[in-house]
K.L.:
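Pasting a structure below so you can have a look.
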Amino acid sequence: MRIERVKGTRDFLPGDMRKRREIETKLRGIAELWGYEEISTPTFEHAELFTIKSGEDILKEMYEFRDKSGRHLALRPELTAPVIRLYVNELKMAPKPTKVYYFGNCFRYEEPQRARYREFWQFGAEIIGSDRPEAEAEIIALAYSIIKELDIDAELHLGHVGLIRELLRTAGVSEDMISRVMRLIDKGARDELMELMRIMGVEDGDTLMRIIDQKGETAIEEARNMVTAHNEAIEHLEHLRQLLDYYGVVYDLNLGIARGLDYYTGMVFEIYEAGNKLGAQRQICGGGTYRLAALFGGDDVPSTGFAFGFDRLAEVYHSDDKEPKKVVVVPVKNEPEVLQAAIGITTRLRKHFNTYLDVMGRGLRDQLAYANTIHASYAVILGKRELTEDKVTLRDLETGEQYKISLDECIAKLKRAL
RNA sequence: GCCGGGGUGUGGUAGAGGUAUCCCUUGGGACUGUGGAUCCCAAGACCUGGGUUCGAAUCCCAGCUCCGGCCCCA
């Protein structure tokens, strides 16, 4: 009976992993250069951590279970909530701002489709302790520089739910209806939205719709006209936009981004792949400013952060995908003294190079044939002749040239070549 | 949860009622101190379960799963 891979999961072959590690290394490198430190949280948590954040409805989209002592647990469906929990449990006393990044697998019980899996990876960063425009601008600029560094064709959309909420209040939408309206905005359900606003007797419905629809400068102008002359949310957004210009971030202003969730309080942004390589799942990054810590029993500190869909990045990213350079040590004969020398030499070479040594008991010819199939660059051949002269034969497998030289010369030569 | 299209060795394929073709891959040999070629031998597949049939990879049904789309996306 053959056991199949579980639906929505993937195996990663050596070529896949080279590419994924390459991306991961770049992401980590950038985050570190920006002053973020890595943290890691458990793969599973109390299910409650996620239902507090997102409501009971998400239980059906989670890998949720009871352990042997009846704890109600879930495989993490995302990493923001665990990171904020970690902060509340462990990092409250850390100096502010607390800047962290994370990379880990997440699980969702959903129908798999292109660029959507049941096990997937997220890479994200958070600034905990500030929701000032400076913090928001840094987070956006960090996400932006990741896109640039990976040379991904993408567009960044910037919105501000704080402002939208403000506008809704000004227009007379009651506090308890705001969440519902935000969800409709997020879904882009125009007709439904218009209908709801008509029922609620919202006067400035049309203006509101325009602000949401119109992207860019004019939307801000309309918003400014709608609220009182000096509005905190607008000033905040303008300050943020100023800073983004300083950073050189190119973006589209789109106040229709609502990210329906209640805990978002300020700036929100999304990054979409623009080369049409991801089909329906174009979004590769989402982020914003939110207040979650209080929900998990901490102080009401604001945070701002983002999460990249790592697998989507991997699908879009062009890797050079160079195979590692390999050296093959080839003992000519399967005899104790030759093998002993071969192991000694291999051990020395392994301090510097990716080195293979036969484990199949093959003869010289087959070892070289194998070296060829794994695309090795050099073979270090040794047999009785080399042993008596205390030398090795270094063969360049691309040109076919070979020299009988000392091991030290051989290492020096390989160092220059690889 | 819904809609459409698929599942044949590792991968890529042919076969459209009579137990499977070719390429590639892998192991061994020709070939006991020199790889990529050639030849030979070997290994390896009809997604699963039912049904129809003398006989099913092929037709029917169900399931699983993959791909794409909808819904959703913390």
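Chain letters run A, B, ... following the sequence lines, proteins first and then strands; every chain starts at 1. From a predicted model like this one, the values you see are computed outputs, not experimental measurements.
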K.L.:
Is there a side-chain polar atom (N or O) of A:R362 under 4.0 Å from OP1 or OP2 of B:G27?
P.N.:
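Looking at the OP1 and OP2 atoms of B:G27, one of them is under 4.0 Å from a side-chain N or O of A:R362.
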K.L.:
What does A:E386 touch in the nucleic acid at a heavy-atom separation under 4.0 angstrom: a base, only the sugar-phosphate, or nothing?
P.N.:
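It contacts base atoms.
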K.L.:
Is the base of B:A16 syn or anti, if syn means a glycosidic angle within 90° of 0?
P.N.:
syn
K.L.:
Just checking A:G309: base, sugar-phosphate only, or nothing, at a heavy-atom cut-off of under 4.0 Å?
P.N.:
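Here A:G309 touches no strand at all.
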K.L.:
Base, sugar-phosphate or nothing for A:R114? Non-hydrogen atoms, less than 4.0 Å.
P.N.:
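Touches sugar-phosphate only.
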K.L.:
As a test of the definition: with a 90° window around 0 for syn, would you call B:U65 syn or anti?
P.N.:
anti
K.L.:
Would you state whether a donor and an acceptor, one from the side chain of A:R116 and one from the base of B:C72, lie under 3.5 Å apart?
P.N.:
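Such a pair exists between side chain and base.
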K.L.:
Expressed as a whole number of Å, how far does the P atom of B:G36 sit from that of B:C31?
P.N.:
15 Å
K.L.:
What's A:G286 touching, base or sugar-phosphate or nothing? Going by heavy atoms closer than 4.0 Å.
P.N.:
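Result for A:G286 = nothing.
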K.L.:
Would you say B:G33 has OP1 or OP2 under 4.0 Å from some side-chain N or O of A:K333?
P.N.:
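Indeed, a polar side-chain atom of A:K333 lies that close.
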K.L.:
Is there, by distance only and without an angle test, a donor paired with an acceptor across the side chain of A:R395 and the base of B:U34 below 3.5 Å?
P.N.:
yes
K.L.:
With a 4.0 Å cut-off on heavy atoms, is A:N334 in touch with a base, just the backbone sugar-phosphate, or nothing at all?
P.N.:
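Counting heavy atoms under 4.0 Å across all strands, no contact is made by A:N334.
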K.L.:
Out of B:G69, B:C73, B:G35, which nucleotide sits closest to the side chain of A:R108?
P.N.:
B:C73
K.L.:
Which value, in whole Å, describes the distance between the P atoms of nucleotides B:U26 and B:U19?
P.N.:
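Pairwise P distance, B:U26 against B:U19, rounds to 31 Å.
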K.L.:
Give A:A369 one of three labels, base, sugar-phosphate or nothing, depending on what nucleic acid heavy atoms sit under 4.0 Å from its own.
P.N.:
sugar-phosphate
K.L.:
Does A:R385 reach a base, just sugar-phosphate, or nothing at all? Heavy atoms under 4.0 Å.
P.N.:
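Base contact - A:R385 has a heavy atom under 4.0 Å of at least one base atom.
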K.L.:
So, OP1 or OP2 of B:A74: does either fall under 4.0 Å of a side-chain N or O from A:K53?
P.N.:
no
K.L.:
Look at atom OH of A:Y63 and say whether more than 12 heavy atoms of other residues, nucleotides or ligands are closer to it than 6.0 Å.
P.N.:
yes
K.L.:
What is the nucleic acid contact for A:Q283, judged by heavy atoms within less than 4.0 Å: base, sugar-phosphate only, or nothing?
P.N.:
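The residue A:Q283 makes no contact with any strand.
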K.L.:
Across the strands shown, which category fits A:G383 at heavy-atom distances under 4.0 angstrom: base, sugar-phosphate, nothing?
P.N.:
base
K.L.:
Using the side-chain heavy atoms of A:Q113, tell me which of these nucleotides is nearest: B:C72, B:G33, B:C70.
P.N.:
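Selected nucleotide (nearest to the side chain): B:C70.
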K.L.:
Give me the distance, rounded to whole Å, that separates B:G12 from B:U25 when you measure between the C1' atoms they each carry.
P.N.:
11 Å
K.L.:
Pick the C1' atom in B:A45 and in B:G15, then give their distance to the nearest Å.
P.N.:
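Here B:A45 and B:G15 have their C1' atoms 14 Å from each other.
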K.L.:
Determine the contact category for A:Q402: base if any of its heavy atoms lies under 4.0 Å from a base atom, sugar-phosphate if only primed atoms, P, OP1 or OP2 are that close, otherwise nothing.
P.N.:
base
